Chemist: 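Before we start, here is the structure in question, set down as structure tokens.
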Amino acid sequence: MRSHSIAVLPGDGVGPEVTSAALAVLDAAQERHGFTTTRTDVPLGAEHYLATGELLEDEAVEQLRGHDAILFGAIGSPAVAPGILERGIILALRGAMRQAINLRPVRLYPGVPTPISGLTPERCDLVIVRENTEGAYVAQGSTVHRGTPAQVAVQESVNTWYAVERAVDFAFRLASERRGRLTLCHKTNVLVEAGRLWTAVMEEVGSRFPDVETDYVHVDAMCMHLPVSPERFDVVVTDNLFGDIVTDLGAVLQGGLGVAASGNLNLDGAAPSMFEPIHGSAPDIAGRGWANPAGACLSLAMMLGHLGEGEAAAAVESATAAVLGELPALAGAGMGASTQELGDRVAALVREGSAPMVEGSLMSQLARVMAGLRQPS
Ligand code: IPM
Ligand code: MG
């Protein structure tokens, strides 16, 4: 039987709650779809940091490297200054595991309330491919004359052909599995150096994918088009910082941060990929069962697609969409059920195989893209 080893990082706040709900769904998916997993809990996050002073130690990196995938909850606590855990754990993991892209679907499932008036599920089904290791996130920069009125802060953005090409190549492959349309999102009218490199990579890689239609949109214009006409996008590829920003906007379209999923993908198979809901640890509602587990369940679906379990991936996506579409509210007491109860509801649908299958499941498209990447060229 196929077996996958999963490192589980529940983290802080609502992280352990949504992770536990997602693991109940994983149990059901295994039973129904005929595979097994081994799971190792790794205690990274605020609590661990406050108790030990450790962020991401070399030993933890080595331990995680031995797994097929990482399932991540959320980290953060008001007791730790902003920036320490984000950079010391999340960004450190993305770098250490060479997670070249961050894959973030923007899909409005039927029945889910969206703040965008008149938006329908048919018009909102796109995927943002965010370059995940470079851009303004490389921590290159300096401050001179610090603490004086003359201080100067320089923060650089790094764009290598290598990393941009990997992100763009993945985005073209995904677009070929979908509706065949890829949009580059950048700011080439001002960031001309980086913009030139991204544009040249799009042209060069695009010559290998003649069936994919390409398009370009400035990032500021994207913030206008995305809520008003999301149907114009299929796959969008963009740099790390722009991707961070536009995917929060994308999350709003599909019902909020609690619903949005993400996958930090290692594309060369040398280290595990990591799957995390976009939301944070939400300490204000932790411990009450008020967090929506949908983002975690959809991240699990993406993990299954990445592991090659395409059918299970589509089944988990479909079951999550079915439960989500019937919720009276998307978070808090108004959901009418606790985080774990909702996870159990999704799990039951997966076990019975009774949820209507969503069409064009990104999660199973991902299984095909990954299989293509693993073929020797
Ligand atoms: C995200 C988050 C992270 C990012 C933070 C927590 C470092 O905003 O995953 O989008 O900026 O990438
Ligand atoms: Mg973000």
Side-chain angles (χ1 to χ4, degrees), residues 9-15 18-19 22 44-49 55-56 69-106 126-141 155-159 163 167 185 219 222-223 226 236-266 272-284 286 291-292 294-296 298-300 302-303 306:
L9 272 64
D12 312 303
V14 300
V18 297
T19 304
L44 288 176
E47 214 175 292
H48 182 74
Y49 171 68
L55 290 164
L56 181 67
I70 303 170
L71 191 63
F72 191 99
I75 60 169
S77 151
V80 181
I84 296 181
L85 301 170
E86 291 88 335
R87 285 187 298 144
I89 298 179
I90 300 182
L91 299 185
L93 268 172
R94 289 175 184 168
M97 300 298 158
R98 305 220 310 252
Q99 291 162 348
I101 62 151
N102 198 317
L103 189 65
R104 297 188 159 182
V106 180
L126 62 123
V127 192
I128 297 178
V129 176
R130 166 184 174 189
E131 195 288 313
N132 206 29
T133 59
E134 298 191 343
Y137 277 63
V138 288
Q140 295 293 311
Q155 187 94 56
E156 286 156 347
S157 165
V158 170
N159 299 262
C185 168
V219 64
M222 178 58 97
C223 294
L226 202 52
V236 174
V237 66
T238 190
D239 97 337
N240 208 344
L241 181 59
F242 299 147
D244 181 35
I245 297 166
V246 297
T247 55
D248 268 28
L249 178 58
V252 169
L253 269 65
Q254 56 190 318
L257 285 179
V259 178
S262 79
N264 299 277
L265 305 190
N266 172 295
S273 299
M274 177 166 81
F275 300 85
E276 52 168 325
I278 291 196
H279 64 71
S281 60
D284 51 326
N292 192 325
L298 293 169
S299 302
L300 167 74
M302 211 189 288
M303 181 184 94
H306 184 261

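We count ligands from 1, going down the list as the structure has it; atoms in each ligand are counted the same way. Just so you know, these numbers come straight off a predicted model, no measurement behind them.
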Chemist: I need the atoms of ligand 1 closer than 4.0 Å to a non-hydrogen atom of Arg130, numbered in the order shown.
Modeler: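 Selected atoms, number and element: 1 (C), 4 (C), 10 (O), 11 (O), 12 (O).
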Chemist: Distance alone, cut at 3.5 Å: any donor-acceptor contact between the side chains of Asn264 and Glu276?
Modeler: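 Note: Asn264 and Glu276 side chains meet the donor-acceptor criterion.
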Chemist: Pull out every atom of ligand 1 sitting under 4.0 Å from any heavy atom of Tyr137, numbered as shown with elements.
Modeler: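 What qualifies from ligand 1 is 4 (C), 11 (O), 12 (O).
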Chemist: Do Val236 and Met222 come close enough that some side-chain heavy atom pair is under 4.5 Å?
Modeler: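 Yes. Closest side-chain heavy atoms under 4.5 Å.
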Chemist: Which residues and atoms, protein N, O or S only, are under 2.8 Å from the Mg ion (ligand 2)?
Modeler: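 Asp244 OD1, with waters left out.
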Chemist: State, with a plain yes or no, whether a side-chain heavy atom of Met97 is found less than 4.5 Å away from one of Pro272.
Modeler: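 Side chain of Met97 against side chain of Pro272, heavy atoms only: contact under 4.5 Å found.
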Chemist: Does Arg104 approach ligand 1 within less than 4.0 angstrom via side chain, backbone, both or neither, non-hydrogen atoms only?
Modeler: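 Arg104 to ligand 1: side-chain contact only, backbone stays beyond 4.0 Å.
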Chemist: Taking C-beta and beyond as the side chain, do Leu85 and Ile90 meet within less than 4.5 Å on heavy atoms?
Modeler: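 Not in contact.
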Chemist: Short N/O distance, under 3.5 Å, between Glu276 and ligand 1?
Modeler: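 It does not: no N or O of Glu276 is found under 3.5 Å from an N or O of ligand 1.
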Chemist: For side chain to side chain contact (heavy atoms under 4.5 Å, CB included), just list the numbers for Arg130 and Asn240, CA-CA rounded to whole Å, side-chain angles, deciding distance to a tenth of an Å, and then say yes or no.
Modeler: CA-CA 6 Å; Arg130 166 184 174 189; Asn240 208 344; 2.8 Å; yes
Chemist: For Glu86, take its heavy atoms, then give the atoms of ligand 1 lying under 4.0 Å from any of them.
Modeler: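 Those atoms are 6 (C), 7 (C).
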Chemist: Can you pull out every ring pair (Phe, Tyr, Trp, His ring centres under 6.0 Å) where at least one residue sits in residues 72-103? Sequence neighbours excluded, please.
Modeler: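 Non-adjacent pairs meeting ring pair (Phe, Tyr, Trp, His ring centres under 6.0 Å): zero.
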Chemist: If you count the atoms of ligand 1 from 1 in the order shown, which ones are under 4.0 Å from a heavy atom of Arg94?
Modeler: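 So the atoms of ligand 1 that pass are 1 (C), 4 (C), 9 (O), 12 (O).
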Chemist: With sequence neighbours left out, write down each residue that passes side-chain hydrogen bond (donor to acceptor under 3.5 Å, both in side chains) with Tyr49, or none if nothing qualifies.
Modeler: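 With sequence neighbours excluded, Tyr49 shows a side-chain hydrogen bond (donor to acceptor under 3.5 Å, both in side chains) to no residue whatsoever.
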Chemist: What is the nearest protein non-hydrogen atom to atom 8 (O) of ligand 1, stated with its residue, atom name and distance?
Modeler: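 Sorting protein heavy atoms by distance from atom 8 (O) of ligand 1 puts Asp244 OD1, 3.2 Å first.
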Chemist: Between Asp244 and Tyr137, does any side-chain donor sit less than 3.5 Å from a side-chain acceptor?
Modeler: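 The answer is yes; a qualifying pair exists.
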Chemist: Under 3.5 Å, which donor-acceptor pairs do the side chains of residues 252-259 form with other protein atoms, sequence neighbours left out?
Modeler:
unit_1, atom_1, unit_2, atom_2, d
Gln254, OE1, Arg107, N, 3.2
Gln254, NE2, Pro105, O, 3.1

